[in-house]
There are 2 protein chains.
Amino acid sequence: MDLVSSVNNVQQDCNGSNGEYHYAVVEPHDEATSDHLHCYMSKTLVEFQDHLVERSEHFLGYHLNMNCKHFMALSPLLQFHVNNVGDPFVESTVGLHSKKFEIGVLDWFARLWGIGKHEYWGCITNGGSEGNFQGILQGRELLPDGILYTSQESHYSIFKAAKMYRMECKTISALNTGEINYKELSENLSQNKDKSAIINVNIGTTFKGGIDNLDLIVKVLEECGFSEDRYYIHCDAALYGLISPFLEQGPKFSFKKPIGSASVSGHKFLGCPMPCGVYMTRKKYSSPLLNQNIDYIHCVDSTISGSRNGHAPIFMWYNLNLKGYKGLKRDVRMSIRNAQYLRDRLKNIGISTMLNDMNIVVVFECPLDQSFAESWNLSHHGNMTHIVVMPHITTRMLDDFLDDLVRKRKSWYGRDNLEPPCIADEIGISNCVCVAHCKSKN
Amino acid sequence: MDLVSSVNNVQQDCNGSNGEYHYAVVEPHDEATSDHLHCYMSKTLVEFQDHLVERSEHFLGYHLNMNCKHFMALSPLLQFHVNNVGDPFVESTVGLHSKKFEIGVLDWFARLWGIGKHEYWGCITNGGSEGNFQGILQGRELLPDGILYTSQESHYSIFKAAKMYRMECKTISALNTGEINYKELSENLSQNKDKSAIINVNIGTTFKGGIDNLDLIVKVLEECGFSEDRYYIHCDAALYGLISPFLEQGPKFSFKKPIGSASVSGHKFLGCPMPCGVYMTRKKYSSPLLNQNIDYIHCVDSTISGSRNGHAPIFMWYNLNLKGYKGLKRDVRMSIRNAQYLRDRLKNIGISTMLNDMNIVVVFECPLDQSFAESWNLSHHGNMTHIVVMPHITTRMLDDFLDDLVRKRKSWYGRDNLEPPCIADEIGISNCVCVAHCKSKN
């Protein structure tokens, strides 16, 4: 049997119940078939890598920075298991950790977010969700009777946290920008003055990049009679935690304001091969739930994860050193400029479009054809889709996308009296150019 | 300024408040210092890698397999962000995932753990803790009034889960082997017949490798009048999930028994650069809490994590293909043999020692000197320490350790009337050779 046919034989074992094949682990496993096995493994990995290259070139719809080539320089680290189990600031007997890198990264974020080196506690997480879990849990531990308030545009991890932690949760509607409805928040707070408030503030909602106005939320809390000891604010800054601090204008989030914690993703604006993130809180809010002294690892276990990825802190450290504040500021400016370019071109084509001020998420009408959406990795939310103009997205990629969209769109609309959808309810009448709103404007 | 002194200057910025230095992210960051910066980064990474090499050679005290060199072959994957967000079995529009590898790995574990390809649901996690979190949550969702029962020797993630999920938790004492005290469990169940039972069964406790007898626990539940719809069993098989199935004798855990879920670590017996693991449950127990349909990722979010590491499944797939059942069985046999070798040599030296049947965790008296413990990455629990005889541990490493121990021990005891500690309470009189128990035996 030659190698190609043996590989095909192996792959026949991999058909799932739905006809989709996956990459099986091959058994039986003996010396006689080891050549075939290695051929199968190599072929599979090459095929997968080609798929990743192709996908990366068309990746427009998610908060992921695809600029990862330079991380190859860190490949020697794959020869080691690196584990940052427990508290980053407490040395443990598990010697194979990268906590020195982790603290370097955390200190950098502390400076960026306006909190003193000795005032904060933080850790590198497995991603934005874990940071949100830790923030909401911190709030619940400090205010055990607290009601969680969050807007309907919040990331799903916030609602998941409320269910996991058995917390009462009030979902507040959102404005067209994606921001929380401040009036509705105020009404809800007024009706529940007897219980403390745990507020999740979105520093960039997932779909529209809407940034809750932190100052206004604090004002609402004060007006409703909540003193600082009766509320806790967690900021979900998954994407904008690395954008907002670099903006000269626009809403700011910072530990100089009365927030309890914040979470940002490391694989989003910054870019990292694996999901990761930073969680940061005030040192004085040390959670009695999580701060168990674990004899075993000779360390305090103040994190949710327990064992923690020790490579991610090195990858973040590497990237932050390469870029620095200046490089990130440059990335922010470029992404905003490219987002404005995309918005303008979509508007010129006659497509309903919205882009919040100083933002990188361009929201527009959802493509009619799912295969088109998939080819550009576009997600949807009702009749909307969006492009998150991350640092890997060039104007050339956007031009290619727009050419493809214009071509395909001609075949979607015009026949069978089909018209592009109205999305005025989602992005506001002024941004909608559906047939009805076009007529009303003319 | 030459490179060396510029690097030293950079490092001076890195001193933490406690005098310990960490690896700072360096600012200001301009073209003029870019040579110095690159030199600092390279020097730091080389220094860290040397540290990892040295530590790996002395790594005896934790459940980590240090055989990771072969993963360098997968380094091209570091050029891509790979993200398995959402349910492994549902295709999402986030095109950069490795779910085909993930399903291959899960199918392999389903075969190993005795559950049909179409009967299970599972996912690859960020480690054993996350698998435990998912299992306990699954139990709570199915039996919302359930009391969690677990032995005092359980991993700290179990107690953390109980607190996070606001569950009532009964901690049961443990036998000297590390197994749960079946009698006490029975008494507790009998006293709480009005509430359902969620049982965490340890398939290998962290410190002693004690394996709870699953059949006996099921028998206890039945005797106490709990029908199958009123209990849920989660198996924390962090280490032994990849050992127990390969043993010809000894206690077995399997989905052929009435368990609801199981969790194993991928970086423990198997080995992986980053923490990871497998969580598996019965398909019929689909959790209504976690199975949210997320429009945004065009996928069901049935995991705790949300964004999930897409490299880990490929690393596990790669390792499982290289090893196969045969290779793992060989590793299990070798590790057990080496553990028995270590126990016998410790006993011959006259050190109180315990090794459970067909086990790889050798428990013995804690070294007196913390710097000795640190040099071999040994943890402690009261007066005990342990060596987890993982596949990277050779008899040569054990001999080096024993030589060092014998040498150092001479200086610890004998002077100042200091005697080795009695650990009969922890490992049983028959295993203890402290002065008092030695005398009583002679």
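In this text, all values refer to a predicted model and were calculated from it rather than measured experimentally. Just so it is clear: chains get the letters A, B, ... in the order the sequence lines come, proteins before strands, and each one is counted from 1.
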Given a strict heavy-atom distance threshold of 4.5 Å, which part of [X] is in contact with chain A: side chain, backbone, both, or neither?
X: B/His38; value: side chain
X: B/His97; value: backbone
X: B/Leu96; value: both
X: B/Ile314; value: side chain
X: B/Ser98; value: both
X: B/Glu130; value: neither
X: B/Pro144; value: both
X: B/Arg111; value: side chain

[Y] side chain reached by [X] side chain, heavy atoms, under 4.5 Å:
X: B/Gln49; Y: A/Gln79; result: yes
X: A/Leu77; Y: B/Pro273; result: no
X: B/Met41; Y: A/Leu322; result: yes
X: A/Lys100; Y: B/Thr44; result: no
X: B/Leu45; Y: A/Leu74; result: yes
X: B/Met164; Y: A/Tyr165; result: yes

What residue, out of [options], has the most heavy-atom pairs lying under 4.5 Å from chain B?
options: A/Met72, A/His58, A/Lys69, A/Glu102; result: A/Met72
options: A/Ala312, A/Cys272, A/Gly127; result: A/Cys272
options: A/Asn377, A/Leu52, A/Ile103; result: A/Leu52
options: A/Glu54, A/His70, A/Arg308, A/Met167; result: A/Arg308
options: A/Phe59, A/Phe71, A/Phe133; result: A/Phe59

> Of the backbone (N, CA, C, O) and the side chain (C-beta and beyond), which part of A/Phe315 lies under 4.5 Å from a heavy atom of chain B, both, or neither?
Replying inline: side chain
> Parallel, tilted or perpendicular: which describes the rings of A/His267 and B/His81, with under 30° parallel and over 60° perpendicular?
Replying inline: parallel
>> Using modelled atom types and a 3.5 Å cut-off, is there a donor and acceptor pairing between side-chain atoms of A/Asn321 and backbone atoms of B/Val26?
In response: yes
